[in-house]
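Just below is one structure, and these are the notes that go with it.
Values below: all heavy atoms of this structure, side chains included; hydrogens, waters and symmetry mates excluded. Just so we're on the same page: letters track the sequence lines, and every chain starts at 1.
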Number of protein chains: 2
Amino acid sequence: MTTTIQPRTLKTRARLIEAATAIVAESSFTELRVEEVVRRAGVAKGTFFAHFKDKDALLDRMIGEIIDQHLDQISAQDTPKTIDEILDILTPLMTFMGSERAVFDVILRYSGAASVEEIGPIAATFERFVHVLADWFVDGPFRQDADPATLAEGVQAFVFQALALNFCALNSHRPIRDRLHPYLELWLHPAKTLDPQG
Amino acid sequence: MTTTIQPRTLKTRARLIEAATAIVAESSFTELRVEEVVRRAGVAKGTFFAHFKDKDALLDRMIGEIIDQHLDQISAQDTPKTIDEILDILTPLMTFMGSERAVFDVILRYSGAASVEEIGPIAATFERFVHVLADWFVDGPFRQDADPATLAEGVQAFVFQALALNFCALNSHRPIRDRLHPYLELWLHPAKTLDPQG
DNA sequence: ACATAAAATTGACCGCGGTCAATAATGAAT
DNA sequence: ATTCATTATTGACCGCGGTCAATTTTATGT
(Lines give C-alpha, C1' and ligand atoms only; values in the text may rest on other atoms or scores of the structure.)
Protein backbone atom coordinates (compact mmCIF):
# COMPACT_ATOMS: atom_id res chain seq x y z
CA MET A 1 0.00 0.00 0.00
CA THR A 2 2.19 2.78 -1.31
CA THR A 3 0.01 5.87 -1.32
CA THR A 4 1.90 7.90 -3.88
CA ILE A 5 1.22 11.61 -3.64
CA GLN A 6 1.34 13.30 -6.98
CA PRO A 7 2.93 16.75 -7.31
CA ARG A 8 -0.37 17.82 -8.83
CA THR A 9 -2.05 17.18 -5.50
CA LEU A 10 0.18 19.62 -3.69
CA LYS A 11 -0.32 22.26 -6.36
CA THR A 12 -4.08 21.99 -6.18
CA ARG A 13 -4.13 22.10 -2.41
CA ALA A 14 -1.87 25.14 -2.42
CA ARG A 15 -4.19 26.87 -4.87
CA LEU A 16 -7.20 26.13 -2.66
CA ILE A 17 -5.50 27.51 0.43
CA GLU A 18 -4.23 30.52 -1.49
CA ALA A 19 -7.73 31.28 -2.75
CA ALA A 20 -9.23 30.87 0.71
CA THR A 21 -6.58 33.11 2.25
CA ALA A 22 -7.29 35.80 -0.33
CA ILE A 23 -11.01 35.66 0.40
CA VAL A 24 -10.43 36.00 4.14
CA ALA A 25 -8.04 38.89 3.54
CA GLU A 26 -10.64 40.67 1.40
CA SER A 27 -13.66 39.93 3.58
CA SER A 28 -13.67 37.57 6.57
CA PHE A 29 -13.84 33.97 7.74
CA THR A 30 -17.57 34.47 8.15
CA GLU A 31 -18.01 35.25 4.46
CA LEU A 32 -15.88 32.34 3.28
CA ARG A 33 -17.78 30.05 0.89
CA VAL A 34 -16.45 26.77 -0.45
CA GLU A 35 -18.02 27.57 -3.81
CA GLU A 36 -16.08 30.83 -3.97
CA VAL A 37 -12.85 29.09 -2.99
CA VAL A 38 -13.15 26.53 -5.80
CA ARG A 39 -14.23 29.20 -8.28
CA ARG A 40 -11.07 31.21 -7.58
CA ALA A 41 -8.88 28.14 -7.51
CA GLY A 42 -10.35 27.05 -10.83
CA VAL A 43 -11.34 23.56 -9.72
CA ALA A 44 -14.58 21.68 -9.25
CA LYS A 45 -16.38 21.55 -5.94
CA GLY A 46 -15.68 17.87 -5.45
CA THR A 47 -11.96 18.54 -5.61
CA PHE A 48 -12.18 20.65 -2.48
CA PHE A 49 -13.60 17.75 -0.52
CA ALA A 50 -10.94 15.42 -1.87
CA HIS A 51 -8.41 17.68 -0.15
CA PHE A 52 -10.33 18.65 3.00
CA LYS A 53 -12.73 16.45 4.93
CA ASP A 54 -15.11 19.38 5.20
CA LYS A 55 -15.14 23.17 5.30
CA ASP A 56 -14.17 23.15 8.97
CA ALA A 57 -11.01 21.21 8.17
CA LEU A 58 -9.84 24.12 6.02
CA LEU A 59 -10.76 26.63 8.73
CA ASP A 60 -9.00 24.47 11.31
CA ARG A 61 -5.84 24.64 9.25
CA MET A 62 -6.00 28.36 8.46
CA ILE A 63 -6.91 29.44 11.98
CA GLY A 64 -4.41 27.01 13.48
CA GLU A 65 -1.66 28.62 11.44
CA ILE A 66 -2.58 32.11 12.65
CA ILE A 67 -2.69 30.98 16.28
CA ASP A 68 0.70 29.38 15.81
CA GLN A 69 2.14 32.65 14.59
CA HIS A 70 0.76 34.36 17.68
CA LEU A 71 2.41 31.70 19.84
CA ASP A 72 5.70 32.42 18.08
CA GLN A 73 5.35 36.03 19.16
CA ILE A 74 4.29 35.06 22.66
CA SER A 75 7.14 32.67 23.32
CA ALA A 76 9.69 35.09 21.90
CA GLN A 77 8.97 37.57 24.68
CA ASP A 78 10.34 37.70 28.21
CA THR A 79 8.59 35.60 30.82
CA PRO A 80 5.87 37.75 32.36
CA LYS A 81 6.22 38.51 36.06
CA THR A 82 2.79 39.99 36.77
CA ILE A 83 -0.82 39.41 35.82
CA ASP A 84 -0.77 42.60 33.80
CA GLU A 85 2.23 41.42 31.84
CA ILE A 86 0.44 38.15 31.13
CA LEU A 87 -2.56 40.08 29.86
CA ASP A 88 -0.32 42.28 27.69
CA ILE A 89 1.27 39.26 26.09
CA LEU A 90 -1.99 37.39 25.52
CA THR A 91 -4.02 40.31 24.17
CA PRO A 92 -3.14 39.99 20.45
CA LEU A 93 -4.05 36.29 20.42
CA MET A 94 -7.29 36.93 22.31
CA THR A 95 -8.18 39.76 19.97
CA PHE A 96 -7.86 37.40 17.03
CA MET A 97 -9.84 34.65 18.76
CA GLY A 98 -12.64 37.09 19.42
CA SER A 99 -12.50 38.85 16.06
CA GLU A 100 -15.37 36.85 14.56
CA ARG A 101 -17.98 34.60 16.07
CA ALA A 102 -17.24 32.06 13.32
CA VAL A 103 -13.56 32.01 14.29
CA PHE A 104 -14.32 31.52 17.97
CA ASP A 105 -16.80 28.74 17.20
CA VAL A 106 -14.24 26.78 15.20
CA ILE A 107 -11.63 27.28 17.92
CA LEU A 108 -14.04 26.07 20.60
CA ARG A 109 -14.96 22.99 18.63
CA TYR A 110 -11.44 21.99 17.65
CA SER A 111 -9.36 23.13 20.62
CA GLY A 112 -9.40 19.55 21.89
CA ALA A 113 -8.03 16.67 19.87
CA ALA A 114 -10.68 14.65 18.08
CA SER A 115 -8.81 11.40 18.60
CA VAL A 116 -5.43 10.02 19.50
CA GLU A 117 -4.07 9.67 15.98
CA GLU A 118 -5.78 12.72 14.63
CA ILE A 119 -4.72 15.90 16.42
CA GLY A 120 -5.92 18.82 14.35
CA PRO A 121 -3.99 22.07 13.83
CA ILE A 122 -5.94 24.07 16.39
CA ALA A 123 -5.75 21.29 18.97
CA ALA A 124 -1.99 21.23 18.44
CA THR A 125 -1.71 24.97 19.03
CA PHE A 126 -3.55 24.68 22.33
CA GLU A 127 -1.23 21.92 23.47
CA ARG A 128 1.55 24.34 22.66
CA PHE A 129 -0.32 27.15 24.41
CA VAL A 130 -0.47 25.14 27.62
CA HIS A 131 3.22 24.28 27.36
CA VAL A 132 4.23 27.89 26.87
CA LEU A 133 2.12 29.07 29.81
CA ALA A 134 3.19 26.20 32.03
CA ASP A 135 6.79 27.33 31.55
CA TRP A 136 5.86 30.74 32.96
CA PHE A 137 4.50 29.13 36.10
CA VAL A 138 7.54 27.02 36.95
CA ASP A 139 9.58 28.86 39.56
CA GLY A 140 7.72 32.05 38.75
CA PRO A 141 6.21 34.66 41.05
CA PHE A 142 2.88 32.89 40.77
CA ARG A 143 1.40 30.26 43.04
CA GLN A 144 3.66 27.24 43.51
CA ASP A 145 1.21 24.83 45.09
CA ALA A 146 -0.16 23.52 41.80
CA ASP A 147 0.98 21.67 38.72
CA PRO A 148 2.04 24.36 36.19
CA ALA A 149 0.19 22.58 33.38
CA THR A 150 -3.02 22.59 35.41
CA LEU A 151 -2.58 26.30 36.06
CA ALA A 152 -2.10 26.85 32.34
CA GLU A 153 -5.24 24.87 31.51
CA GLY A 154 -7.11 27.04 33.99
CA VAL A 155 -5.89 30.19 32.26
CA GLN A 156 -7.13 28.71 28.98
CA ALA A 157 -10.54 28.08 30.53
CA PHE A 158 -10.74 31.68 31.72
CA VAL A 159 -9.65 33.03 28.34
CA PHE A 160 -12.47 31.11 26.68
CA GLN A 161 -14.91 32.26 29.35
CA ALA A 162 -13.91 35.89 28.93
CA LEU A 163 -14.20 35.67 25.15
CA ALA A 164 -17.57 33.94 25.28
CA LEU A 165 -18.95 36.70 27.49
CA ASN A 166 -17.50 39.27 25.13
CA PHE A 167 -19.77 38.07 22.34
CA CYS A 168 -22.79 39.14 24.33
CA ALA A 169 -23.95 42.58 23.26
CA LEU A 170 -24.60 43.26 26.92
CA ASN A 171 -20.93 42.96 27.78
CA SER A 172 -18.99 43.64 24.63
CA HIS A 173 -18.27 47.23 25.55
CA ARG A 174 -15.89 45.98 28.22
CA PRO A 175 -12.42 44.97 27.04
CA ILE A 176 -11.60 41.28 27.31
CA ARG A 177 -8.55 42.25 29.28
CA ASP A 178 -10.60 43.76 32.11
CA ARG A 179 -12.89 40.79 32.19
CA LEU A 180 -10.01 38.34 32.46
CA HIS A 181 -8.02 40.18 35.10
CA PRO A 182 -10.02 39.28 38.25
CA TYR A 183 -10.08 35.59 37.34
CA LEU A 184 -6.32 35.42 36.85
CA GLU A 185 -5.71 37.33 40.06
CA LEU A 186 -7.68 34.77 42.04
CA TRP A 187 -6.27 31.84 40.08
CA LEU A 188 -2.59 32.73 40.09
CA HIS A 189 -2.22 34.84 43.24
CA PRO A 190 -4.64 33.20 45.67
CA ALA A 191 -2.52 34.03 48.71
CA LYS A 192 -2.42 37.75 48.14
CA THR A 193 -5.84 38.42 49.52
CA LEU A 194 -6.37 35.25 51.49
CA ASP A 195 -7.95 35.49 54.92
CA PRO A 196 -6.38 33.45 57.68
CA GLN A 197 -8.34 30.22 57.90
CA GLY A 198 -10.17 29.41 61.13
CA MET B 1 -49.35 49.28 18.58
CA THR B 2 -51.45 46.53 20.11
CA THR B 3 -49.92 43.31 18.90
CA THR B 4 -52.86 40.97 19.28
CA ILE B 5 -51.85 37.36 19.63
CA GLN B 6 -54.40 34.99 18.19
CA PRO B 7 -55.22 31.77 20.08
CA ARG B 8 -54.37 29.97 16.86
CA THR B 9 -50.78 31.15 17.24
CA LEU B 10 -50.36 29.51 20.62
CA LYS B 11 -51.89 26.26 19.37
CA THR B 12 -49.53 26.10 16.43
CA ARG B 13 -46.48 26.88 18.55
CA ALA B 14 -47.47 24.23 21.06
CA ARG B 15 -47.83 21.68 18.26
CA LEU B 16 -44.38 22.56 16.92
CA ILE B 17 -42.76 22.16 20.34
CA GLU B 18 -44.66 18.96 21.00
CA ALA B 19 -43.53 17.49 17.69
CA ALA B 20 -39.92 18.53 18.33
CA THR B 21 -39.98 17.06 21.84
CA ALA B 22 -41.29 13.78 20.49
CA ILE B 23 -38.53 13.61 17.89
CA VAL B 24 -35.85 14.24 20.52
CA ALA B 25 -37.38 11.59 22.78
CA GLU B 26 -37.35 9.07 19.94
CA SER B 27 -33.93 9.92 18.56
CA SER B 28 -31.80 12.90 19.64
CA PHE B 29 -31.20 16.62 19.30
CA THR B 30 -28.60 15.77 16.66
CA GLU B 31 -31.20 14.09 14.45
CA LEU B 32 -33.75 16.89 14.81
CA ARG B 33 -34.80 18.28 11.40
CA VAL B 34 -37.06 21.30 10.94
CA GLU B 35 -38.71 19.53 8.00
CA GLU B 36 -39.59 16.59 10.24
CA VAL B 37 -40.95 18.91 12.95
CA VAL B 38 -43.31 20.68 10.54
CA ARG B 39 -44.33 17.38 8.94
CA ARG B 40 -45.41 16.00 12.33
CA ALA B 41 -47.02 19.27 13.37
CA GLY B 42 -48.93 19.34 10.09
CA VAL B 43 -47.85 22.84 9.08
CA ALA B 44 -45.78 24.35 6.29
CA LYS B 45 -42.11 25.05 6.67
CA GLY B 46 -42.54 28.79 6.64
CA THR B 47 -44.80 28.57 9.67
CA PHE B 48 -41.92 27.24 11.74
CA PHE B 49 -39.88 30.34 11.01
CA ALA B 50 -42.80 32.58 11.82
CA HIS B 51 -42.66 31.14 15.34
CA PHE B 52 -38.91 30.71 15.80
CA LYS B 53 -36.21 32.98 14.44
CA ASP B 54 -34.24 29.92 13.38
CA LYS B 55 -33.69 26.29 14.32
CA ASP B 56 -31.34 27.30 17.13
CA ALA B 57 -34.09 29.37 18.76
CA LEU B 58 -36.13 26.20 19.18
CA LEU B 59 -33.12 24.32 20.54
CA ASP B 60 -32.37 27.23 22.87
CA ARG B 61 -35.85 26.96 24.31
CA MET B 62 -35.93 23.16 24.61
CA ILE B 63 -32.45 22.85 26.08
CA GLY B 64 -33.03 25.85 28.34
CA GLU B 65 -36.07 24.15 29.81
CA ILE B 66 -34.13 20.97 30.55
CA ILE B 67 -31.32 22.90 32.21
CA ASP B 68 -33.88 24.75 34.28
CA GLN B 69 -35.31 21.48 35.55
CA HIS B 70 -31.81 20.41 36.55
CA LEU B 71 -31.38 23.67 38.43
CA ASP B 72 -34.64 22.98 40.27
CA GLN B 73 -33.13 19.71 41.46
CA ILE B 74 -29.82 21.34 42.30
CA SER B 75 -31.27 24.16 44.37
CA ALA B 76 -33.61 21.79 46.21
CA GLN B 77 -30.66 19.98 47.77
CA ASP B 78 -28.63 20.86 50.83
CA THR B 79 -25.79 23.31 50.39
CA PRO B 80 -22.68 21.25 49.58
CA LYS B 81 -19.84 21.45 52.09
CA THR B 82 -17.07 19.78 50.08
CA ILE B 83 -15.78 19.66 46.52
CA ASP B 84 -17.03 16.11 46.23
CA GLU B 85 -20.51 17.15 47.25
CA ILE B 86 -20.42 19.91 44.64
CA LEU B 87 -19.44 17.38 42.00
CA ASP B 88 -22.22 15.03 43.12
CA ILE B 89 -24.79 17.74 42.79
CA LEU B 90 -23.57 19.01 39.42
CA THR B 91 -23.08 15.64 37.75
CA PRO B 92 -26.61 15.17 36.31
CA LEU B 93 -26.56 18.61 34.68
CA MET B 94 -23.06 18.06 33.30
CA THR B 95 -24.06 14.66 31.97
CA PHE B 96 -26.88 16.27 30.04
CA MET B 97 -24.67 19.09 28.76
CA GLY B 98 -22.20 16.54 27.46
CA SER B 99 -24.74 14.07 26.13
CA GLU B 100 -24.51 15.28 22.54
CA ARG B 101 -22.04 17.48 20.73
CA ALA B 102 -24.98 19.37 19.20
CA VAL B 103 -26.36 20.12 22.66
CA PHE B 104 -23.04 21.35 23.98
CA ASP B 105 -22.53 23.53 20.91
CA VAL B 106 -25.87 25.27 21.39
CA ILE B 107 -25.17 25.76 25.09
CA LEU B 108 -21.76 27.25 24.35
CA ARG B 109 -23.18 29.65 21.79
CA TYR B 110 -26.16 30.81 23.84
CA SER B 111 -24.88 30.67 27.41
CA GLY B 112 -24.27 34.42 27.22
CA ALA B 113 -27.05 36.89 26.52
CA ALA B 114 -27.15 38.09 22.93
CA SER B 115 -28.24 41.57 23.95
CA VAL B 116 -29.66 43.50 26.85
CA GLU B 117 -33.32 43.18 25.93
CA GLU B 118 -33.04 39.73 24.53
CA ILE B 119 -31.84 37.22 27.11
CA GLY B 120 -32.45 33.76 25.67
CA PRO B 121 -33.61 30.75 27.68
CA ILE B 122 -30.15 29.19 28.02
CA ALA B 123 -28.56 32.51 28.95
CA ALA B 124 -31.20 32.91 31.65
CA THR B 125 -30.42 29.48 33.08
CA PHE B 126 -26.75 30.33 33.37
CA GLU B 127 -27.54 33.52 35.19
CA ARG B 128 -29.53 31.35 37.54
CA PHE B 129 -26.68 28.83 37.69
CA VAL B 130 -24.27 31.51 38.86
CA HIS B 131 -26.75 32.73 41.48
CA VAL B 132 -27.30 29.24 42.86
CA LEU B 133 -23.59 28.56 43.09
CA ALA B 134 -22.79 31.98 44.50
CA ASP B 135 -25.14 31.21 47.37
CA TRP B 136 -23.05 28.15 48.22
CA PHE B 137 -19.95 30.29 48.49
CA VAL B 138 -21.33 32.89 50.88
CA ASP B 139 -20.21 31.99 54.40
CA GLY B 140 -19.38 28.48 53.24
CA PRO B 141 -16.32 26.35 53.93
CA PHE B 142 -14.81 27.59 50.67
CA ARG B 143 -12.45 30.47 50.12
CA GLN B 144 -13.77 33.76 51.48
CA ASP B 145 -11.35 36.16 49.80
CA ALA B 146 -13.34 36.47 46.58
CA ASP B 147 -16.69 37.66 45.34
CA PRO B 148 -19.01 34.61 45.43
CA ALA B 149 -20.39 35.42 41.98
CA THR B 150 -16.86 35.51 40.55
CA LEU B 151 -16.13 32.14 42.13
CA ALA B 152 -19.33 30.79 40.59
CA GLU B 153 -18.39 32.11 37.16
CA GLY B 154 -15.04 30.39 37.55
CA VAL B 155 -16.74 27.09 38.30
CA GLN B 156 -18.82 27.58 35.15
CA ALA B 157 -15.65 28.14 33.13
CA PHE B 158 -14.13 24.91 34.49
CA VAL B 159 -17.31 22.96 33.81
CA PHE B 160 -17.21 24.07 30.18
CA GLN B 161 -13.50 23.31 29.98
CA ALA B 162 -13.98 19.82 31.41
CA LEU B 163 -16.87 19.09 29.05
CA ALA B 164 -14.99 20.38 26.01
CA LEU B 165 -12.08 18.09 26.78
CA ASN B 166 -14.50 15.23 27.26
CA PHE B 167 -15.54 15.44 23.63
CA CYS B 168 -12.05 14.51 22.57
CA ALA B 169 -11.80 10.80 21.89
CA LEU B 170 -8.38 10.94 23.51
CA ASN B 171 -9.90 11.87 26.85
CA SER B 172 -13.48 10.69 26.85
CA HIS B 173 -12.70 7.53 28.80
CA ARG B 174 -12.14 9.68 31.87
CA PRO B 175 -15.26 10.79 33.75
CA ILE B 176 -15.97 14.53 33.66
CA ARG B 177 -16.06 14.43 37.42
CA ASP B 178 -12.42 13.40 37.72
CA ARG B 179 -11.37 16.01 35.22
CA LEU B 180 -13.15 18.78 37.07
CA HIS B 181 -12.00 17.88 40.57
CA PRO B 182 -8.42 19.25 40.49
CA TYR B 183 -9.58 22.59 39.06
CA LEU B 184 -12.20 23.08 41.76
CA GLU B 185 -9.76 22.08 44.47
CA LEU B 186 -7.32 24.78 43.38
CA TRP B 187 -10.07 27.30 42.73
CA LEU B 188 -12.15 26.90 45.88
CA HIS B 189 -9.58 25.68 48.42
CA PRO B 190 -6.43 27.54 47.43
CA ALA B 191 -5.17 27.71 51.01
CA LYS B 192 -5.23 24.00 51.65
CA THR B 193 -2.03 23.26 49.83
CA LEU B 194 -0.55 26.74 49.79
CA ASP B 195 3.14 27.13 50.49
CA PRO B 196 4.15 29.93 52.82
CA GLN B 197 5.09 32.89 50.63
CA GLY B 198 8.66 34.16 50.76
C1' DA C 1 5.69 4.01 -27.41
C1' DC C 2 1.96 1.49 -25.39
C1' DA C 3 -0.91 -0.64 -21.85
C1' DT C 4 -2.64 -0.47 -17.37
C1' DA C 5 -3.69 0.40 -12.58
C1' DA C 6 -3.92 4.00 -9.25
C1' DA C 7 -4.90 8.62 -8.13
C1' DA C 8 -7.06 13.04 -9.02
C1' DT C 9 -10.79 15.63 -10.87
C1' DT C 10 -15.41 16.59 -12.36
C1' DG C 11 -20.17 18.33 -11.92
C1' DA C 12 -24.82 16.88 -11.47
C1' DC C 13 -27.19 15.88 -7.52
C1' DC C 14 -28.93 15.79 -2.60
C1' DG C 15 -30.18 17.43 2.24
C1' DC C 16 -31.56 20.87 4.91
C1' DG C 17 -31.89 25.52 6.91
C1' DG C 18 -33.95 29.69 5.78
C1' DT C 19 -36.82 33.45 2.73
C1' DC C 20 -40.73 35.79 0.89
C1' DA C 21 -44.55 37.18 -2.08
C1' DA C 22 -48.99 35.37 -2.34
C1' DT C 23 -52.99 33.62 0.06
C1' DA C 24 -56.11 32.46 3.78
C1' DA C 25 -58.00 33.03 8.33
C1' DT C 26 -59.31 36.00 12.08
C1' DG C 27 -61.47 39.62 14.85
C1' DA C 28 -63.49 44.27 15.00
C1' DA C 29 -66.32 47.89 13.16
C1' DT C 30 -70.53 49.11 10.75
C1' DA D 1 -74.07 39.82 7.32
C1' DT D 2 -70.46 42.39 4.98
C1' DT D 3 -66.31 44.85 4.81
C1' DC D 4 -61.68 45.47 5.97
C1' DA D 5 -57.22 45.67 8.25
C1' DT D 6 -54.33 42.73 10.73
C1' DT D 7 -52.21 38.43 11.55
C1' DA D 8 -51.05 33.65 10.37
C1' DT D 9 -50.01 30.26 6.96
C1' DT D 10 -48.34 28.46 2.68
C1' DG D 11 -44.95 26.27 -0.42
C1' DA D 12 -42.02 27.21 -4.23
C1' DC D 13 -37.58 28.80 -4.17
C1' DC D 14 -32.67 29.86 -2.81
C1' DG D 15 -27.90 29.25 -0.73
C1' DC D 16 -24.54 26.43 0.48
C1' DG D 17 -22.20 22.33 2.42
C1' DG D 18 -21.35 17.82 1.12
C1' DT D 19 -21.60 13.13 -2.01
C1' DC D 20 -20.41 9.97 -5.61
C1' DA D 21 -20.34 7.48 -10.05
C1' DA D 22 -18.13 8.65 -14.14
C1' DT D 23 -14.10 10.54 -16.40
C1' DT D 24 -9.45 12.20 -17.03
C1' DT D 25 -4.70 12.40 -15.72
C1' DT D 26 -0.56 10.47 -14.00
C1' DA D 27 3.08 7.21 -12.98
C1' DT D 28 4.99 2.72 -13.85
C1' DG D 29 6.19 -1.67 -15.99
C1' DT D 30 7.18 -3.87 -20.50
Query raised in the report: How close or far is atom C1' of C/dA7 from atom NZ of A/K11, stated in whole angstroms?
Result: 17 Å
Requested in this report: Please state how far atom NE2 in B/H51 lies from atom C1' in D/dA8, giving the value in whole angstrom units.
Outcome: 7 Å
Query raised in the report: Hey, does B/L32 reach any base, or is it just sugar-phosphate, or nothing, if we go heavy atoms under 4.0 Å?
Result: sugar-phosphate
Report task. Output the single nucleotide from C/dT9, D/dT9, C/dG27 whose closest atom is nearest the side chain of B/A50. Result -> D/dT9
Report summary line: From the candidates C/dG18, D/dG17, C/dT9, the one with an atom nearest any side-chain atom of A/T12 is C/dT9
Query raised in the report: Where the side chain of B/R8 is defined as all heavy atoms beyond and including C-beta, which of D/dA8, D/dG18, C/dA8 is the nearest nucleotide?
Result: D/dA8
Query - Distance, rounded to the nearest Å, where A/L16 contributes CG and D/dG17 contributes P - result: 14 Å
Query - Residues B/E26, B/R40: salt bridge by 4.0 Å N-O rule - result: yes
Query raised in the report: In whole angstroms, how far is the C1' atom of C/dT19 from the CZ atom of B/F49?
Result: 9 Å
**Report entry** Interatomic spacing from CD in B/Q69 to CD1 in B/I67 - rounded to 0.5 Å
**Finding:** 10.5 Å
Report task. Considering non-hydrogen atoms only, spot the tightest contact between B/L186 and B/R143 and give its length. Result -> O-NH1, 4.4 Å
Query raised in the report: Taking for each residue the nucleotide of DNA chain D with the nearest heavy atom, is it B/T9 or B/K45 whose nucleotide lies nearer the 5' end?
Result: B/T9
Requested in this report: Enter the distance from B/L59:CG to B/F52:CZ here, rounded to the nearest 0.5 Å.
Outcome: 10.0 Å
Query raised in the report: Whole Å only: how far is the CG atom of B/D56 from the P atom of C/dG17?
Result: 10 Å
Query raised in the report: To the nearest Å, how far apart are A/K55 NZ and D/dT19 P?
Result: 15 Å
